[in-house]
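A note on names: the letters A, B, ... follow the listed sequences, proteins ahead of strands, and every chain is numbered from 1.
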Protein chains: 2
Amino acid sequence: MSSAVTSSLAHRVPDLGALELLLAVARLGSLGGAARELGITQPAASSRIRSMERQLGVALVDRSPRGSRLTDAGALVTDWARRIVEAAEAFDVGAQALRDQRDSRLRVAASMTIAEYLLPGWLLALRAGRPDTAVSLLAGNSAAVAERLLADEADLGFVEGLTVPTGLDSVVIAHDRLIVVTAPGHPWSRRRRPLTSEELAATPLILREKGSGTRQVLDTALGGLARPLIELSSTTAVKAAAVGGAGPAVLSELAVREELAMRRLVSIPMADVSLARDLRAVWPTGHRPVGPARDLLHLTRA
Amino acid sequence: MSSAVTSSLAHRVPDLGALELLLAVARLGSLGGAARELGITQPAASSRIRSMERQLGVALVDRSPRGSRLTDAGALVTDWARRIVEAAEAFDVGAQALRDQRDSRLRVAASMTIAEYLLPGWLLALRAGRPDTAVSLLAGNSAAVAERLLADEADLGFVEGLTVPTGLDSVVIAHDRLIVVTAPGHPWSRRRRPLTSEELAATPLILREKGSGTRQVLDTALGGLARPLIELSSTTAVKAAAVGGAGPAVLSELAVREELAMRRLVSIPMADVSLARDLRAVWPTGHRPVGPARDLLHLTRA
DNA sequence: CACTGCTCATAAGCCCAGCTTATGCCCTCA
DNA sequence: TGAGGGCATAAGCTGGGCTTATGAGCAGTG
């Protein structure tokens, strides 16, 4: 599979600290200034940038006695670096929410797909507006989300099922749909006509286990007929199998957006089945969200 | 601005090596197996995962004498980690292309926006299909791209201007458009009616310098009338100024997609101006791309 | 003209994170 | 009951990144 000769990414990509430093240099136009901002000394910054240039084999900044500017290549590298740092920020805010299980001002319960793909972005936006709101996150299925809310162990929930659990009010915050995907080499990727639901039902698919949200939606749409090629217990495992060419899979648009953009997977048009589903914010009937929960709710709609 | 107390991301986010290790553990279901794959010893993997758990304050894997499985929180963390690693892969493939200036099998010349936002994804896809194609990248404006191609110093080019440089054949590979954006707090973000071109032309904007591709398109669309609030020399600088609330900016949709998703910027609808532009692959007239250049060209269209 | 203040670079020394090797315990399966 | 795969712990090494101390180049100023 992946070649063992290829030394790991971590050896070829500068670490986060170096990338943050590079972004600071780009923004401030000076090594010393960037060092100050990050709370390190100027020689440390100087040496770190230099060793990054050595590692990449590319000159990144033009130094002068009046400051430092990015080279053309440096500007490009800095933009790519920003992507890594942004992903790291999402990771950070998510991990923090996961850690502070107790006594937070805003306790969120969310389904897996939403927690994976949408929540970090929302939390970053929330932090931008209200920097000191401590958020805690509990991820689980719809039933678990409902349970937490009703036990007053969460202030706001997010679910992605077809139905709203009883005892909860809800509002639709986004739409999602399941799509059929295969690896680029699969015969279906060269089809001209859209796929019919009969064909889909007749073909063994890479699926989530029974009981998962996605599986429920698919089974309902096909009339309980989806045929498993294999059943896996996480979206990630399903994606990996599909990318590896094991067969067609049915997954949330959210989950495969990046794989589609990278052409690691291709989407197969469907003719007659609508696998749309709503993503909803939920809360105990009558208890409209207030305070930070209300702020978060507003963020999610737009 | 950003608080100095907040210790840097790098202290709260595990480094790339640790994240890669976590992904390997998730995939293989065993610390030792993951260690083997990454070419380190089992104790090293064990300790690294443990220190990552300590750093995050979250249990990530359930160890047992028969292997290790991710906890629920671990699954979530792993998915967020995958995002970082994917961004790092894009960085890596881009940096490599930037380094290998000479004697590559495939020499690409691309405009800044394309090099920044699209090319790494293409190169990853290309590498997936042809793992050993050495690619070199030169980023510059349309004129520079044309020059390289005509001097036979590049095999395939990508430009985003309004016109195709003479001497080159081209094919449209994607569409882009410029959009007006502001920070979320700006008055325009609460407008109900779309913006007219008169209003846009009458308002001082954060702009790229004259001569840049985006500026050209905007000036043409407004009849050469764009009024600068400030002129900055990179897309990134413009974005940063806009995010900071300095005023409205006009930027490529590609460049601000993530900022929009994160709600760091909001898009202001335009009534009567179309700021669409084509992204094109280009090559010297008559010399249709062959070999790796042809493969890359195919990847970009879909 | 020299002084001040900004820039960056170099050198010497410290410290800790992460690696390795060596070992031991737990569990399962033949 | 022993073999084998899983993980943990302990001791010792190494290197990368930090600090402090110092010097040099350039701009603006009285």
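- The residue B:Ser47 sits apart from the nucleic acid: no heavy atom pair falls under 4.0 Å.
- Contact annotation: A:Ser68 reaches the phosphate of C:dC8 (side-chain N/O to OP1 or OP2, under 4.0 Å).
- Summarising the geometry, the separation between CG on A:Leu31 and C1' on D:dA24 is reported as 16 Å, rounded to the nearest angstrom.
- For the pair A:Asp62 CG and C:dC8 P, the computed distance is 12 Å after rounding to whole Å.
- The side chain of B:Ala44 lies closest to C:dT20, out of C:dT20, D:dC18, C:dA9.
- Using a 4.0 Å heavy-atom cutoff across all strands shown, B:Asp15 reaches sugar-phosphate atoms only and no base atom.
- Comparing A:Arg48 and B:Pro65 along DNA chain D, the residue whose closest nucleotide (by nearest heavy atom) sits nearer the 5' end is B:Pro65.
- Considering only the side chain of A:Arg50, C:dT10 comes nearest among C:dT10, D:dG6, C:dT20.
- The CD-C1' distance, from B:Gln42 to C:dG18, rounds to 15 Å in whole Å.
- Residue A:Arg63 has its side chain nearest to C:dC8 when only C:dC26, D:dG17, C:dC8 are considered.
- A:Arg36 comes within 4.0 angstrom of the backbone, heavy atoms only, and of no base.
- In terms of modelled atom types and a separation under 3.5 Å, the side chain of A:Thr78 and the main chain of A:Gly74 share a donor-acceptor contact.
- Going from atom CG of A:Leu16 over to atom C1' of C:dA17 covers 16 Å, rounded to whole Å.
- Between A:Ile40 and B:Gly32, the one whose closest nucleotide on DNA chain D sits nearer the 5' end is B:Gly32.
- Taken to the nearest 0.5 Å, the CG atom of B:Leu106 stands 10.0 Å off from the CG atom of B:Leu137.
- Between B:Thr71 atom OG1 and B:Arg63 atom CZ the span is 9.5 Å, to the nearest 0.5 Å.
- When only modelled atom types and interatomic distance are considered, A:Arg208 and A:Thr235 share a side-chain donor-acceptor pair under 3.5 Å.
- Checking each of A:Thr214, A:Val238, A:Thr113, A:Leu207 against A:Leu251 for a side chain to side chain contact (heavy atoms under 4.5 Å, CB included) leaves exactly one that passes, namely A:Val238.
- The phosphate of C:dC8 (OP1 or OP2) has no side-chain N or O of A:Ser46 nearer than 4.0 angstrom.
- Protein atom CD of B:Glu20 is 15 Å distant from nucleotide atom C1' of C:dG18, rounded to whole Å.
- Of the candidate nucleotides C:dA11, D:dA8, C:dC8, D:dA8 has the atom lying nearest to any side-chain atom of B:Pro43.
- Remark: B:Ser64 is not in phosphate contact with D:dC7, judged by side-chain N or O atoms under 4.0 Å from OP1 or OP2.
- The structure places CG of B:Leu98 at 9.0 Å from CG of A:Leu56, a figure rounded to the nearest 0.5 Å.
- Looking at heavy-atom distances under 4.0 Å, B:Ser30 makes contact with sugar-phosphate atoms alone, never a base.
- Atom CG of B:Leu38 is separated from atom P of C:dC19 by 10 Å (rounded to the nearest Å).
- Rounding to whole angstrom units, CD1 of residue A:Ile49 and P of D:dG16 are separated by 17 Å.
- Going from atom CG of A:Leu21 over to atom C1' of D:dG16 covers 15 Å, rounded to whole Å.
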